[in-house]
Amino acid sequence: MGIERPVPDWDLIVETLKVISKKTTVPTVFDFSYRKSTPFQILISTIISLRTKDSVTYASSKRLFGKAPDPVSIFKLETGTIARLIYPAGFYRRKSENIKKIAKILLDKYNGEVPKNIEDLLELPGVGRKTANLTLGLSFGIPALCVDTHVHRIPNRMGWVDTNTPDKTEFALVKILPEKYWIEINELLVAFGQTICTPVSPKCSKCPFKDNCPQIEVDKSR
DNA sequence: AAAACGGGGGC
DNA sequence: GCCCCAGTTTT
């Protein structure tokens, strides 16, 4: 059997993470999405965010939606125009083609609306589990756990799960994390992962979880 | 000069 | 599972 792990106190963890995220001023796709975005814009900005920094995602989304806020107007744009608008987001060429394809598919098959189930979302080009789950959660409030590199890295570092791929992390976390936290845990861990539990040289001395983190045992220099 | 960056797809 | 993908920022 696996190694024994202490059962995480999720209420306390979420409460602590909320304090950290409130101190974060980095504009993220979440700030943008929660307050004034349509499901379509949430989906597209999530596409843009793939392998791209938040500040860039935010600026790119704002430029694109300022010019074309909905599937109809985006489908009218040349892919080159879309590429220019979302530049310098990573993979901007591929993304601009996918964004236009998605606009067309939504118009043809879904009456211009974003589908509300993961199966249909995963059919869209450039949409994987991360993008699909984030869209479901942010757009429709459907409990869906979005596992990106932060939500993969941090629970493994903390010893909450022990997996080697994001998909396995998703299925492991779904089992142990209360459903009421599935949507917000992503934003909270991203804020934590950007400021303290960073991928490289994490700021463990400032971490409120340092006394319970197995990583500290591995490397006391941090 | 490297490494890293909120994945996804093709094989 | 493995490998590729793009261009900017950080180390």
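Below, read A as the first sequence line, B as the second, and so on, with proteins coming before strands; counting in each chain starts at 1. Because the structure is predicted, anything quoted here is derived from the model rather than measured. The analysis underlying the following values was restricted to heavy atoms, covering all of them including side chains, and did not include hydrogens, waters or symmetry mates.
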Ranking Pro88(A) and Lys168(A) by the position along DNA chain C of their nearest nucleotide, the one closer to 5' is Lys168(A)
Is Thr169(A) reaching over with its side chain to a backbone N or O of Asp167(A), donor-acceptor style, under 3.5 angstrom?
no
Whole-Å distance between dT10(C) P and Lys203(A) NZ?
12 Å
If you round to the nearest 0.5 Å, how far is CD1 of Ile185(A) from CG of Leu177(A)?
5.5 Å
Indicate, with a heavy-atom threshold strictly under 4.0 Å, whether Lys130(A) touches base, sugar-phosphate, or nothing.
base
Can you confirm whether or not the ring centre of Phe209(A) sits under 6.0 Å from the ring centre of Phe192(A)?
yes
If only atom types and distance count, is the side chain of Trp10(A) paired as donor or acceptor with the main-chain N or O of Ile176(A) below 3.5 Å?
yes
So salt bridge (charged side-chain N to carboxylate O under 4.0 Å, His left out) across residues 70-97 of chain A, not counting sequence neighbours, yields none
Using heavy atoms and a sub-4.0 Å distance, could you list which residues of residues 90-97 of chain A are near DNA chain B? By number, please.
Phe91(A), Arg94(A)
Mind checking if Val127(A) touches a base, just sugar-phosphate, or nothing, with heavy atoms under 4.0 Å?
sugar-phosphate
Mind checking Thr131(A) for me? I need base, sugar-phosphate or nothing, with any heavy atom below 4.0 Å counting as a touch.
sugar-phosphate
Dot-bracket pairing map - DNA chain B, Watson-Crick plus G-U, both contacts under 3.5 Å, | cross-strand:
|||||.|||||
Under 4.0 Å between any heavy atoms, over every strand shown, what does Pro125(A) touch: base, sugar-phosphate, or nothing? Just pick one.
sugar-phosphate
Distance in angstrom units between Arg51(A) CZ and dG9(B) P, rounded:
14 Å
Taking Asn133(A) for its side chain and Leu145(A) for its backbone only, find out whether a donor-acceptor pair lies under 3.5 Å.
yes
Please report the distance, rounded to the nearest Å, between CZ in Arg153(A) and C1' in dC5(B).
11 Å
Is the number of heavy atoms from other residues, nucleotides or ligands within 6.0 Å of CG (Asp11(A)) greater than 12?
yes
Look at the side chain of Ser21(A) and the backbone N and O of Ala191(A), then say whether any donor-acceptor pair between them is shorter than 3.5 Å.
no
